[in-house]
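The model shown is predicted, which means the values in this text are computed figures rather than measured ones. Note on naming: letters A, B, ... go to the chains in the order of the sequence lines (proteins, then strands), and numbering restarts at 1 for each one.
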2 protein chains.
Amino acid sequence: MDVLSAMAVFVRVVDLKSFSLAASELGISSSSVSKQISHLEQHVGARLLQRTTRRLSVTEVGAAYHEKCQAILADVDEAENLVSQLQGKPRGLLRINCNMTFGQLLLSKAIPEFMAAYPDVQLEVALDDSDVELLKEGFDLALRIAHPKLPDSSLIARQIASIPLFLCATPSYLAQHGHPQTPEDLRQHNCLVFMLASNTNLWTLTNAEGSQTVQVSGDLKANNSLLVLQAALAHRGVANLASFVIERYVEEGRLELLLPEFQAEQLSLYAIYPDRKYSPPKVSLFIEFFQGWLENNLQQKLHCQSRS
Amino acid sequence: MDVLSAMAVFVRVVDLKSFSLAASELGISSSSVSKQISHLEQHVGARLLQRTTRRLSVTEVGAAYHEKCQAILADVDEAENLVSQLQGKPRGLLRINCNMTFGQLLLSKAIPEFMAAYPDVQLEVALDDSDVELLKEGFDLALRIAHPKLPDSSLIARQIASIPLFLCATPSYLAQHGHPQTPEDLRQHNCLVFMLASNTNLWTLTNAEGSQTVQVSGDLKANNSLLVLQAALAHRGVANLASFVIERYVEEGRLELLLPEFQAEQLSLYAIYPDRKYSPPKVSLFIEFFQGWLENNLQQKLHCQSRS
DNA sequence: CAATATTAATTCCATAAAGATAATAATCAT
DNA sequence: ATGATTATTATCTTTATGGAATTAATATTG
């Protein structure tokens, strides 16, 4: 019997308090879960889980064993990371979690290049705006726009890019409501607010003379920049969006950049990853790669255009 | 693939520097060893052993992984011991190592009773007078007569019985050479020396007035008490043997106890076992059992007879 | 409060993977 | 080069896996 995989199954069952949930999460059948737990119980010679078809409880020995198993599985992981690191060659499954829109627009373009360059690394990407518990969920790497809260001290957050925001609106909207000439003018406009961090109603603009913060208002707040974008494209108002979101629309002339002499805020992109003793090369490799990729692909065209 | 058992195989291969030795020691086929190592290498994504059919060397990553594996296997063991201990029920394989003669004469009699009382414990007994490295060899418990040297601080030695030695010789020998009346008289006798510890030529005898040590000599020294016994039974001289060795011959009248008012040395029987965080109940169970058994079966008859 | 519905673990059976034995290939000593 | 020894491969047997049917326990509902 494969004790180690049975341990992994057992740990997952205890965490989720369900055979079937653990099964589907682990991608195996529930019958396999059932059998593996049974075998594990036989192996250690004690009942680990008290179960009826309806309720699941962990026995005293089960709880103690669960702790041990977690430690053992972590050690096994560490051993494999150690080998990876000594070996140097990036390899294995890299599980990435990324913000929704950023993932759709940018990460999605970088991934094929990465795959081509490193065929021995398998990718599994989840796009998700909620602050999942990254380690618990088994991600190797999370890409997060805006300052991450790191309740877990075993995580490292490293800023790998700055993402400039740009004020924009459609020519049609501007024709109707006028071009803002100063930041103060924004108060008179319908501002479409992208809620990413807190204080999203405050837009800060900087030029050579200093920066000023304007409290804006409008009839849309959304936590997804594509929603804000669509509203802007539909002539609903002024949006403050990341370069990579509006790029192609600015190029097409469907959106016009406002107050080009001002620099809007910059969002930061953070790579968040476990602070492990031996971190597998695939993680740092991807971070290096992506950082390089972003430098080449992120803040090129709009910058020129806006500052020209 | 069963990573854990593959790790165990790998560790054994590295220790023994041979696939085939590891196979025979682990009781599996060498093809299985070969496959498991290959799979493990695939799994971690690195070559662990550099091997030709003729020579075997451990790669750098292999050496590092080997260390990790040892720790992991120890932890798995500890986890199972923990379960055993919480569970309380003695169970599993108990591997005992014991001195040759003691094992043949006493342990051999205790074992069937133990087996009957605790059917869930499987026994594997090795009789061996050499000071094997107990932990390395995978024994749970060693029974050793005489003071053990414990180079390994992770071992506990617990005295579980005193084994009285008795001076004896055949009536025929005594008729020819006379009965010794004082310890000093032993110098005139051919003393058959059982070499167990050092200084085996010195016999210490104690009575109400104190103890005296006599340097004896003779034409036989042996490291096995049955050899000494046979020599004594063949009228070759005076022996100083453990009660359990000579018991039946004294009863039969083939051996006669000498200087009955004196107490000869006592050997100590030690139980030696790993000082583990969670020691499995089977070990302490056996020690308790055997200690009790020895109290009932060891120093009964001869004591009465000798002191009467 | 009882009968039923529902959900979750287990068992049964067909298939896939892993293990053992025996034969093969490979390497170093003589 | 040959032989002795050791790892690998081939074939067969045993064991594990996944899906359907079963069993069991609580929630629901009349």
Side-chain angles (χ1 to χ4, degrees), chain A residues 1-63 65-66 69 73 76 80 93 122, chain B residues 1-59 61-63 65-66 69 73 76 80 93:
Chain A
M1 201 244 324
D2 186 345
V3 176
L4 206 55
S5 74
M7 280 183 177
V9 170
F10 171 65
V11 166
R12 226 53 216 119
V13 167
V14 171
D15 289 349
L16 299 170
K17 295 194 190 310
S18 156
F19 277 46
S20 39
L21 281 182
S24 65
E25 191 178 290
L26 292 165
I28 60 177
S29 65
S30 61
S31 69
S32 178
V33 171
S34 179
K35 280 178 198 164
Q36 292 204 49
I37 297 291
S38 295
H39 285 152
L40 194 62
E41 288 182 328
Q42 273 202 317
H43 176 73
V44 301
R47 189 150 255 260
L48 299 172
L49 299 168
Q50 201 57 35
R51 50 197 183 278
T52 70
T53 52
R54 210 61 181 182
R55 200 174 304 283
L56 196 73
S57 64
V58 185
T59 64
E60 196 185 344
V61 288
Y65 192 62
H66 174 253
C69 286
L73 293 168
V76 170
E80 282 162 24
L93 179 64
Q122 281 80 49
Chain B
M1 201 246 323
D2 186 344
V3 176
L4 204 56
S5 74
M7 281 182 176
V9 170
F10 170 65
V11 166
R12 226 53 215 120
V13 167
V14 171
D15 289 348
L16 299 171
K17 296 196 189 309
S18 156
F19 276 48
S20 40
L21 280 182
S24 65
E25 190 179 290
L26 291 165
I28 61 176
S29 63
S30 64
S31 72
S32 178
V33 172
S34 179
K35 276 190 208 167
Q36 293 203 48
I37 297 292
S38 294
H39 285 153
L40 194 63
E41 287 182 329
Q42 272 203 319
H43 177 74
V44 301
R47 187 152 258 259
L48 300 171
L49 299 169
Q50 201 57 39
R51 48 197 185 279
T52 70
T53 52
R54 211 59 182 179
R55 201 174 302 284
L56 196 74
S57 65
V58 185
T59 65
V61 288
Y65 193 61
H66 175 251
C69 285
L73 292 169
V76 169
E80 282 162 25
L93 179 64

Would a distance-only check, ignoring hydrogens and angles, find a side-chain to backbone donor-acceptor pair under 3.5 Å from Thr59(A) to Arg47(A)? yes
Would you mind reporting whether Met1(A) and Asp2(B) have side-chain heavy atoms less than 4.5 Å apart? no
Can you list the residues that meet the side chain to side chain contact (heavy atoms under 4.5 Å, CB included) rule with Val58(A), with sequence neighbours excluded? Val14(A), Leu49(A), Ala63(A)
Close side-chain approach of Leu40(A) to Val9(A), heavy-atom, < 4.5 Å: no
Results of side chain to side chain contact (heavy atoms under 4.5 Å, CB included) for Ser20(A) - residues two or more places apart only: Ser18(A)
Between protein and nucleic acid, restricted to nucleotides 21-24 of chain C and to nitrogen or oxygen atoms under 3.5 Å apart, what atom pairs and distances do you find?
unit_1  : atom_1 : unit_2   : atom_2 : d
dT21(C) : O4     : Ser31(B) : OG     : 2.8

Tyr65(A) meets the ring-ring contact (aromatic ring centres under 6.0 Å, His included) criterion, sequence neighbours left out, with Phe10(A)
Sorted by chain and residue number, the side chain to side chain contact (heavy atoms under 4.5 Å, CB included) partners of Leu16(B) (sequence neighbours excluded) come out as Arg12(B), Leu21(B), Ala22(B), Glu25(B)
Among pairs that include at least one residue of residues 30-51 of chain A, which meet ring pair (Phe, Tyr, Trp, His ring centres under 6.0 Å), considering only residues two or more places apart or in two chains? none
Indicate for each nucleotide in nucleotides 25-30 of chain C, in 5' to 3' sequence, whether protein heavy atoms under 4.0 Å reach the base (B), only the sugar-phosphate (S), or nothing (-). -BBSS-
Applying side-chain contact (heavy atoms from CB on, under 4.5 Å), run through Leu56(A) and Val13(A) and close with a yes or a no. CA-CA 9 Å; Leu56(A) 196 73; Val13(A) 167; 3.8 Å; yes
Angle, rounded to 10°, between the helical axes spanning five pairs at each terminus of the helix from dC1(C)-dG30(D) to dT30(C)-dA1(D)? 20°
Side chain to side chain contact (heavy atoms under 4.5 Å, CB included) with Ser24(B): which residues, sequence neighbours excluded? none
For Ser38(A) and Ser34(A), indicate whether the former's side chain and the latter's backbone hold a donor-acceptor pair under 3.5 Å. yes
Ignoring hydrogens and angles, tell me if any N or O in the side chain of Glu41(A) forms a donor-acceptor pair with the backbone of Leu48(A) under 3.5 Å. yes
Just the endpoints, please: which first and last nucleotides of DNA chain D, 5' to 3', lie under 4.0 Å from a heavy atom of chain A? dA16(D) to dA27(D)
If you draw a 6.0 Å radius around CD in Gln122(A), do more than 12 non-hydrogen atoms from other residues or ligands fall strictly inside? yes
Roughly how many Å is it from CD in Gln36(B) to P in dA18(C), rounded to a whole number? 11 Å
Are there any protein N/O atoms within less than 3.5 Å of an N/O atom in nucleotides 14-17 of chain C, and if so, which ones and at what distance?
none

For the residue pair Val61(A) and Val44(A), establish whether any side-chain heavy-atom pair is separated by less than 4.5 Å. no
Please step through side-chain contact (heavy atoms from CB on, under 4.5 Å) for the pair Leu73(A) and Leu4(A), ending with a clear verdict. CA-CA 8 Å; Leu73(A) 293 168; Leu4(A) 206 55; 4.1 Å; yes
Going by number, which of residues 39-49 of chain A have a non-hydrogen atom under 4.0 Å from DNA chain C? none
So what does Ser18(A) hit on the nucleic acid, given a heavy-atom distance under 4.0 Å: a base, only sugar-phosphate, or nothing? sugar-phosphate
